[in-house]
2 protein chains.
Amino acid sequence: MAKTTTPNHAGAARQRGVTMKDVAEHAGVSRTAVSFVLSNRENASISEETRARINEAVQALGYRPNAGARALASQRSDWYGIVTEIVTAPFAVDIIKGAQDQAWLDRRFLLIAPSDQADAVGPNQGLEDAATEKLLEQRVEGLLYAATYHRGVHVPESAKEVPTVLINCFDADGKLPSIVPDERAGGRVAVGRLLQAGHRRIGVINLDPDIPAAVGRLEGAREALAEAGLELDPELVVPGHATADGGYEAACRILDRYPQKDRPTALFCLNDRMAMGAYDAIKERGLTIPGDIAVIGFDNQELIAAYLRPKLTTVALPFEKMGALGVQTLAALTAGQPIIADQQLVDCPLLERSSV
Amino acid sequence: MAKTTTPNHAGAARQRGVTMKDVAEHAGVSRTAVSFVLSNRENASISEETRARINEAVQALGYRPNAGARALASQRSDWYGIVTEIVTAPFAVDIIKGAQDQAWLDRRFLLIAPSDQADAVGPNQGLEDAATEKLLEQRVEGLLYAATYHRGVHVPESAKEVPTVLINCFDADGKLPSIVPDERAGGRVAVGRLLQAGHRRIGVINLDPDIPAAVGRLEGAREALAEAGLELDPELVVPGHATADGGYEAACRILDRYPQKDRPTALFCLNDRMAMGAYDAIKERGLTIPGDIAVIGFDNQELIAAYLRPKLTTVALPFEKMGALGVQTLAALTAGQPIIADQQLVDCPLLERSSV
DNA sequence: CGCGGTGAGTAACGCGCGTTACTAGTGCGT
DNA sequence: ACGCACTAGTAACGCGCGTTACTCACCGCG
C-alpha cells in the first residue's frame with residue numbers, strides 16, 4: 001500500500017498544549033518511555049537515569065496530562081456523576097460535599113448535574129433523564145442519585161447502564177442499593193435524651209405522617225418510651241405543617257390544651273423549622289426554654305439550630321456521611337462487586353446544645 | 001511498507017459501548033457519513049434518505065456520543081470549571097446553581113472542584129492549586145473562582161492559562177475580570193426603604209468595618225440619608241460580631257442607650273444573622289416588630305429571613321445571578337473577546353416581607 | 001465526444017494517550 | 001562458539017471521533 005500524503009490540518013493548536021510527545025523529545029526518549037514513567041508501571045524496566053531525565057522534562061515543560069485522552073485510551077474515566085436537585089434544600093449541598101470529598105480522596109471527579117425538579121409532588125422526569133443522559137455521554141463509571149428529603153424515587157431507565165446508588169432516597173421498585181438515614185434510631189435518641197433529662201410527658205409535633213421520616217422518627221420515639229416503661233400518648237402527637245408557622249400553631253394547640261400541671265414538659269419537633277415556630281409559641285406564653293419546656297428538633301438545619309436562642313438541641317441528618325458512603329459504595333460496585341439492592345442505614349447523631 | 005500484524009487487545013470492551021462505527025454498519029454507510037449527520041454539517045451533501053437511515057440506526061442502537069472522544073478530536077471540551085469552598089456558607093451553592101443552570105443552557109458542563117479553605121484568614125493555597133490543576137487536566141476552557149463572601153483573593157498562577165472570571169470576589173492584583181454585588185446600591189435601597197416608611201432615627205448594626213460589604217453598605221446608607229437631607233449619626237452605628245449573638249448584643253446596646261423618645265425606630269442590620277439576634281433583643285424588651293422598631297437585614301439568608309417571626313425584610317445578595325453572569329462572561333471570553341479586567345456590579349434587590 | 005461541475009459519499013489522518021509486541025544490547029553458563 | 005535470560009527501551013496499534021482530501025457516478029454543454 002502506497003504511503004498516502006498527509007493532509008495539512010489548518011494550524012489547529014490554538015492553545016499551547018504540552019503533550020507526552022514534547023516531553024519525550026525534550027528528554028530524548030520515546031513517548032512510550034514517558035508513558036511508562038508517568039503511570040509508574042511496575043514491570044517498567046526504565047533506568048533510574050532516564051526516569052530522572054523524563055521527570056525533569058515534565059517539570060521543565062510544565063506537562064499536564066490530558067484526562068480526556070487518558071480516559072479514551074484506558075477505557076476508564078475515573079468519573080462519577082451525581083444528579084440532584086441542587087436548588088431547594090441546602091441539604092443536597094451537604095450530600096454533594098460528602099461525595100465530592102470522598103471522590104477527591106479516591107482521585108476521582110464528581111460531575112454534578114441538576115435535575116431541578118419543580119416541587120415535591122413529582123420529579124421532573126424530562127430534566128432528570130436529560131441530566132442522566134448527559135452524564136452518560138461523559139462516560140461516568142457510576143451514578144449517584146440524591147434527594148433532598150428521604151423518599152421513594154423513580155430512576156431513569158438509562159441509569160441502569162452503570163452502577164447506581166441512591167442517597168437519601170430509595171428505589172420505589174427496590175432494585176437499586178440505597179443509603180438513607182436511620183430515622184428510627186434518630187427518634188429513639190431524641191426522645192431518649194428527653195427521658196434522660198427527667199421528662200415524662202412529651203409532646204410530639206409531627207410531620208406529614210406518611211413520609212418515611214415521620215414514620216421512622218415516631219416509631220423511634222415509641223421505642224424509647226417503651227424502654228422507659230411508658231407509652232406514646234396519641235393525644236400528645238399533634239400534626240403540623242413542616243414550616244415554622246406550622247410548628248408555631250401546633251405548639252400553641254398542645255400548650256393551650258392542658259392546665260399547667262398536665263402540660264407536657266418537653267416537645268419533640270420532628271424538624272427544626274417547626275421547632276423554630278415552637279420557640280415563639282413558648283416564649284409568647286412567658287415560658288422559658290428549657291426551664292419550663294424543653295425542645296428537641298430534628299435535621300440540624302445549621303442556620304436555624306445554631307442561631308436560635310437558646311441554641312437548639314437536635315438530631316442531625318448525616319448528609320455528608322451519606323454522600324461519602326455513596327461514593328464508597330459506588331467504588332465497590334465499579335470495582336466489580338455484584339450489585340445488591342440493599343439499604344444502608346446511617347446513624348443520626350444527637351447534637352447537644354441548650355434547649356434540653 | 002508491509003502490513004503489520006494487528007496485536008490482539010485483551011477483550012477490553014468490558015462495557016457495551018455503541019460507537020459511530022456500529023451505527024455506520026447498521027445503516028450501511030461510512031462512519032464519516034454518520035459523523036456528518038450527527039454534527040449537522042451545513043455543506044454535508046448527504047441525501048435525505050441516508051440521513052433518515054442513519055438517524056434510525058442511532059435510535060435503534062441507542063447510540064450515545066462519547067463526549068471525551070469528541071473533545072479530543074475537536075480540541076474543545078465544552079467544559080468550564082469552578083473552584084469554590086463548597087463547605088461553609090450556603091451562599092456558594094447559589095452561585096453554583098446560577099452558573100450550572102447557565103452552563104446547562106449553553107450546553108456546557110460545569111466541573112466543580114472544592115478548595116475547602118479552613119477559615120477566612122487565608123485561602124488554603126495548596127488545595128486551591130491542586131483543584132485548579134485537576135480542572136486544567138480535564139482541559140476546561142475557562143475557570144470560575146467563587147468566594148462565599150465578598151473579598152479580595154489571590155488566584156493560583158496556573159489559572160492564568162485559560163480565561164478566568166471571579167465571582168463574589170476580586171483579584172487583589174486587579175488583573176482578572178470579576179463579578180461582585182453592588183453593596184452600595186443595596187445599602188441605599190435598605191435605608192431608603194426605612195426612610196420611606198417614615199423612620200428618621202435609624203440605628204445601624206455594622207459588620208467588621210474593613211470588609212467590602214461593610215464599606216459598601218454603609219456608604220449606601222449614608223447616600224440614602226443624604227438624599228433625604230439627613231446625616232448618618234456615628235453614634236447610631238454600632239459594631240457587632242457577624243453572628244446572632246453579636247446582633248443581639250449590639251441591639252441591646254443601642255436600644256438601652258437612649259430614653260424612649262430618642263430611641264431609633266428602625267434598625268439596619270448589615271446581615272441577617274445579626275438581625276436574628278436583634279429580634280430577640282427587641283422582643284425581650286416588650287417591643288414589637290415592626291410596630292415599635294422596624295428591622296431590615298441584608299443577605300437574604302433564606303432559612304433565617306423567611307422563618308423569623310415576623311418574616312424579615314432584607315436585601316438579597318444576587319448569588320444566582322452572579323453565577324449565571326460569570327458563565328456568560330466566560331463564554332464571551334472563550335469566544336475570543338479580549339480579557340478586560342473590569343468589575344461588573346450586580347444589583348441587590350430588596351425583598352419586602354413583614355419587618356418594616 | 002470530451003470536459004467541467006455537481007451531488008453523494010468515502011478513505012485516511014490525527015487528537016493524546018495506554019498498551020502490547022517487538023528489538024537491541026549485555027552478561028552468563030556450557 | 002552458542003543459547004538463554006535479562007535489562008532498556010521502542011514501534012505500532014487503537015480508543016471514538018472531527019475533519020480534510022479524495023473518488024465516483026451522473027448531468028448538461030459545446
Side-chain angles (χ1 to χ4, degrees), chain A residues 1-15 17-25 27-51 53-54 63-78 137-139, chain B residues 1-15 17-25 27-51 53-54 63-78 137-139:
Chain A
M1 177 177 159
K3 185 176 284 183
T4 56
T5 61
T6 302
N8 68 329
H9 270 210
R14 67 181 61 167
Q15 188 177 310
V18 179
T19 76
M20 283 188 40
K21 184 159 151 258
D22 301 327
V23 174
E25 281 168 7
V29 297
S30 73
R31 203 185 50 69
T32 309
V34 178
S35 177
F36 283 176
V37 167
L38 289 188
S39 53
N40 255 323
R41 274 192 148 233
E42 301 178 354
N43 48 354
S45 99
I46 303 278
S47 70
E48 274 313 314
E49 195 189 318
T50 18
R51 186 182 301 273
R53 267 220 320 291
I54 290 174
Y63 169 73
R64 183 163 26 228
N66 181 323
R70 177 178 299 188
L72 186 57
S74 65
Q75 296 285 72
R76 40 187 317 238
S77 61
D78 283 347
E137 283 185 12
Q138 309 291 334
R139 294 302 186 266
Chain B
M1 175 176 160
K3 185 176 284 182
T4 55
T5 60
T6 303
N8 67 329
H9 270 211
R14 66 180 63 166
Q15 187 178 312
V18 179
T19 74
M20 284 189 40
K21 184 158 149 261
D22 301 326
V23 174
E25 282 168 8
V29 296
S30 74
R31 203 185 52 68
T32 309
V34 178
S35 177
F36 282 175
V37 168
L38 290 188
S39 53
N40 255 323
R41 273 192 148 232
E42 300 178 355
N43 48 354
S45 100
I46 304 277
S47 70
E48 274 314 313
E49 194 189 317
T50 20
R51 186 183 301 273
R53 268 219 319 292
I54 290 176
Y63 169 74
R64 185 167 19 232
N66 181 322
R70 176 179 300 192
L72 184 57
S74 65
Q75 296 286 69
R76 40 187 317 236
S77 62
D78 283 347
E137 283 184 11
Q138 309 292 333
R139 294 301 186 268

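Reminder, nothing fancy here: chain letters follow the sequence lines and each chain counts from 1. Just so it is clear, the structure is predicted and the values come from calculations on it, not from any experiment.
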How long is the straight-line distance from CZ of B:R76 back to CZ of B:R139, given to the nearest 0.5 Å?
15.5 Å
What is the distance from CD of B:E25 to P of D:dG16, rounded to the nearest Å?
12 Å
Do any N or O atoms from the side chain of B:R31 and from the backbone of B:A24 form a donor-acceptor pair under 3.5 angstrom?
no
Could you check how far CE of B:M20 sits from P of D:dC17, rounded to whole Å?
6 Å
Side-chain donor/acceptor contact of B:R31 with base of C:dG9 under 3.5 Å
no
Taking atom P of C:dC17 as reference, at what distance in whole Å does atom CD of B:Q138 sit?
13 Å
Side chain of B:T32 only, please: which of C:dG18, C:dC17, D:dT20 is the nearest?
D:dT20
Mind running side chain to side chain contact (heavy atoms under 4.5 Å, CB included) on A:L38 and A:Y63 for me, showing each step along the way?
CA-CA 11 Å; A:L38 289 188; A:Y63 169 73; 3.3 Å; yes
Measure distances between side-chain N and O atoms of B:S30 and base N and O atoms of C:dA11, and say whether any donor-acceptor pair falls under 3.5 Å.
no
Taking atom P of D:dT19 as reference, at what distance in whole Å does atom CD of B:Q75 sit?
10 Å
Roughly, in whole Å, what's the span from CZ in B:R76 to P in C:dC15?
18 Å
Interatomic distance, B:D78 CG vs D:dG18 P [rounded to whole Å]
12 Å
Find the distance B:K21:NZ to D:dC17:P and express it as a whole number of Å.
11 Å
For a quick test of reading the model, state the closest non-hydrogen atom pair linking B:A71 to B:S77 and the distance between them.
CB-CA, 3.9 Å
DNA chain C: A:L72 or B:G28, which has the more 5' nearest nucleotide?
B:G28
Atom CG of B:N43 and atom C1' of D:dT20 are separated, to the nearest Å, by 11 Å
Please find the pair of heavy atoms, one from B:D22 and one from B:V18, that lie closest to each other, and give the distance.
OD2-CA, 3.5 Å
Interface with DNA chain C, restricted to residues 33-42 of chain B and to heavy atoms under 4.0 Å:
B:A33, B:F36
Spatial distance of atom CZ (A:R64) from atom CD (B:E137) [nearest 0.5 Å]
7.5 Å
Rounding to 0.5 Å, atoms OG (B:S47) and CZ (B:R53) come to a distance of 7.5 Å
Taking atom CZ of A:R70 and atom CG of B:L72, what is their separation to the nearest 0.5 Å?
13.0 Å
Look up atom OG in A:S35 and atom NZ in A:K21, then write down how far apart they are to the nearest 0.5 Å.
15.5 Å
Strictly under 3.5 Å: I want the nitrogen or oxygen pairs between protein and nucleotides 3-8 of chain C, one per line.
unit_1, atom_1, unit_2, atom_2, d
C:dA8, N7, B:S45, OG, 3.0

